[in-house]
Amino acid sequence: MSITREQVMEQLKTVMDPDLGKDLVTLNMIKEVEIKGVTVNVGVELTTPACPLKDKIAGDVQEAVKRVPGVQEVTVDFTAQVRASPQQQASESNPLPDVKHVIAVGAGKGGVGKSTVAINLAVGLARQGATVGLLDGDIYGPSFPTMLGLDDLEVTTAGSDTIIPFDVHGIKCMTIGKLVETDKPLIWRGPMAHGAFRQLATQTAWGELDYLIIDLPPGTGDVPLTLAQLLPLTGAVVVCTPQKVAQDDARRAIRMFEQLQVPVLGVVENMSYFIGDDGKEYDIFGRGGAEAMAHQMAAPYLGGIPINMALRANCDAGTPLANFEEGSTLGTDLTRMVQNTAAQVSIQSMSGDFVQPTISVS
Ligand code: ADP
C-alpha cells in the first residue's frame, strides 16, 4: 500500500512548534510533502531564519512521519518567511509598511551596552539570513559611526528628502552621527528630538526589511514616546547589567514600555561575568541579577553576554561581524541572544492578542 499525503499530514498535526504552542499544520508551516517510495521529504517554513528550535522540529517531524506505515526515511528541508506583525498589518498610518517588525532596544541607564546589543542583534539576525535595518535612535549620543566603522563613508541622498542607508556588515543602517558634526554636543528640545528622530526613521530608504532594530537613547525620555506613536512596534528588548542599581533602572524602562503598550520581548544581561586569563569565571557585577529581575517582572530572559575584550575591541574598530567567530564562546552567546529574540518576536506576533496602543501622556 502506498503512502499518502493525507497520512503524512495527519501525523504532522501532532508536531508542535514548542515556542508558538500550536501544531505545524495549523500554523501553515508545512509547505511541501514529497513522497518517493518509502522516503518522505517534508518542507517546513519557519517564521524566522534565526529559529533556535530547528533541530528539535526536524527530529519531531521525522519521528512523527515515521509512524506512517511503510515510511522508512524522512528528510526535512527548512525555509523561512518572516511574517509581518499584527501591529504592522493593523496600522493604517504606518510610515514604514515594508518593514515587517520594528524592535526597540532600550536600557534604563547609559553605558550598559545597549548599542552593543542592538548592533549585534542586527548583525546576528542578518547572519542567519534575515533582511535587517538598524537605526541609531540615540540622537543625543550616537555611537554608530565608530561602532559600525562608518567614519570614512559619505551620506548619500535620493532627491531632497530621502537618505540612503549605509550597506555594511550585511545590514542597512543609519545614524544621526553622520548627519551632524559629532564633536558638537547634540542638544535637542522635546519637539526637536521628536522631529529629528521622526525624519531619521521615516526618511531613510529602508526598502523591504524583516526586522528594523532601533537603538533608543538610555532612560525614559522623548524618543521612546515618539517611536511608540510613530511606528507599530513588535516589541522592545531591555539591556541591563547584573548589579542592583542597573536593575532598578531597567525596571523603570520595562514599566515605560508597558505604559506605552509596547510588549517587552525580553531582557539581555550584559557584562554578565568575566573570564580571566586563568580560565576562571568572575562574577564582577553579580551574575544572574538581570536574569532574576526579568523573571520578577515576568519578562522573558534572552541570554547573557560576558565582559569580553574582543567585543569591546571589535566595537571600537567598527567590525561587529568579528564577534561571531565560529566556535567562539562570544559568538555562541551572541547567537543564542539573537535566536531567543527572534523567537520572542515570532511568539509576540503570532499570539493574536494584539491591542492597538493608545498613548495617553500625563
Ligand atoms: P550604551 O549604548 O548602553 O551606552 P555601549 O553599547 O555604547 O553602551 O557600550 C559602552 C562601552 O562598553 C563600549 O565601549 C562597548 O564596547 C563596551 N561594552 C559593552 N558591552 C561589553 C561587554 N560585554 N564586554 C566588553 N565591553 C563591552
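Numbers here are sequence positions counted from 1. Whatever order the structure lists them in is the order used to number ligands and atoms, beginning at 1.
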Original post:
Is there side-chain contact between L212 and I103, with at least one heavy-atom pair below 4.5 Å?
Top reply: no
**OP:** Check whether any side-chain heavy atom of L330 sits under 4.5 Å from a side-chain heavy atom of E325, and report yes or no.
**Re:** no
**OP:** State plainly whether the residues R252 and D248 are in salt-bridge range, i.e. N to O under 4.0 Å.
**Re:** no
Original post:
Which residue holds the protein heavy atom closest to atom 9 (O) of ligand 1, what is that atom called, and what is the gap in Å?
Top reply: T116 OG1, 3.6 Å
Original post:
What protein heavy atom sits nearest atom 12 (O) of ligand 1, and how far away is it?
Top reply: M271 CE, 4.1 Å
Subject >> atom 2 (O) of ligand 1: the protein heavy-atom neighbour that sits closest, reported with distance to 0.1 Å >> reply: S115 N, 2.8 Å
Subject >> Top protein contact for atom 17 (C) of ligand 1, by heavy-atom distance >> reply: R312 CG, 4.1 Å
Subject >> Atoms of ligand 1 close to M147 [distance to a heavy atom under 4.0 angstrom, numbered from 1] >> reply: 6 (O), 7 (O)
Subject >> Polar contact flag for M309 and ligand 1 (N/O pairs, less than 3.5 Å) >> reply: no
**OP:** Considering heavy atoms of the protein only, find what lies nearest to atom 25 (C) of ligand 1 and give residue, atom and distance to 0.1 Å.
**Re:** N308 O, 3.1 Å
Original post:
What part of N270, side chain from CB on, backbone N/CA/C/O, both or neither, has a heavy atom under 4.0 Å from ligand 1?
Top reply: side chain
**OP:** Taking atom 19 (C) of ligand 1 as the reference point, report whether a protein heavy atom occurs under 4.0 Å from it.
**Re:** yes
Original post:
Does some non-hydrogen atom of A107 fall short of 4.0 Å from ligand 1?
Top reply: no
**OP:** Quick one: closest heavy-atom pair of T234 and P263, and the distance?
**Re:** O-CG, 3.4 Å
**OP:** Below 4.0 angstrom from a heavy atom of L311, which ligand 1 atoms are there? Numbered from 1 as shown, please.
**Re:** 21 (C), 22 (C), 23 (N), 24 (N)
**OP:** Look only at the side chain of N120 and the backbone of V117, and say whether a donor-acceptor pair between them is shorter than 3.5 Å.
**Re:** no
Original post:
Does E10 pair with K13 as a salt bridge, N-O distance under 4.0 Å?
Top reply: yes
Original post:
What's the shortest heavy-atom distance between S346 and T48, and which atoms?
Top reply: OG-CG2, 3.8 Å
Original post:
Between I176 and L200, what is the shortest heavy-atom contact and its length?
Top reply: N-CD2, 3.8 Å
Original post:
For ligand 1, which atoms have a heavy atom of P306 less than 4.0 angstrom away?
Top reply: 22 (C), 23 (N), 24 (N)
Original post:
In ligand 1, which numbered atoms sit nearer than 4.0 Å to a non-hydrogen atom of C315?
Top reply: 16 (O)
**OP:** Grab the two heavy atoms, one from L209 and one from K172, that are nearest each other, plus how far apart they are.
**Re:** CD2-CD, 4.4 Å
**OP:** Starting from atom 4 (O) of ligand 1, locate the nearest protein heavy atom and write down its residue, its atom name and how far away it is, to 0.1 Å.
**Re:** G111 N, 2.8 Å
**OP:** Measure the distance from atom 8 (O) of ligand 1 to every protein heavy atom, then report the residue, atom name and distance (to 0.1 Å) of the closest one.
**Re:** G113 N, 3.1 Å
Original post:
So do E208 and K100 actually touch side chain to side chain, heavy atoms under 4.5 Å?
Top reply: no
Subject >> Min N/O separation V112 to ligand 1 under 3.5 Å >> reply: yes
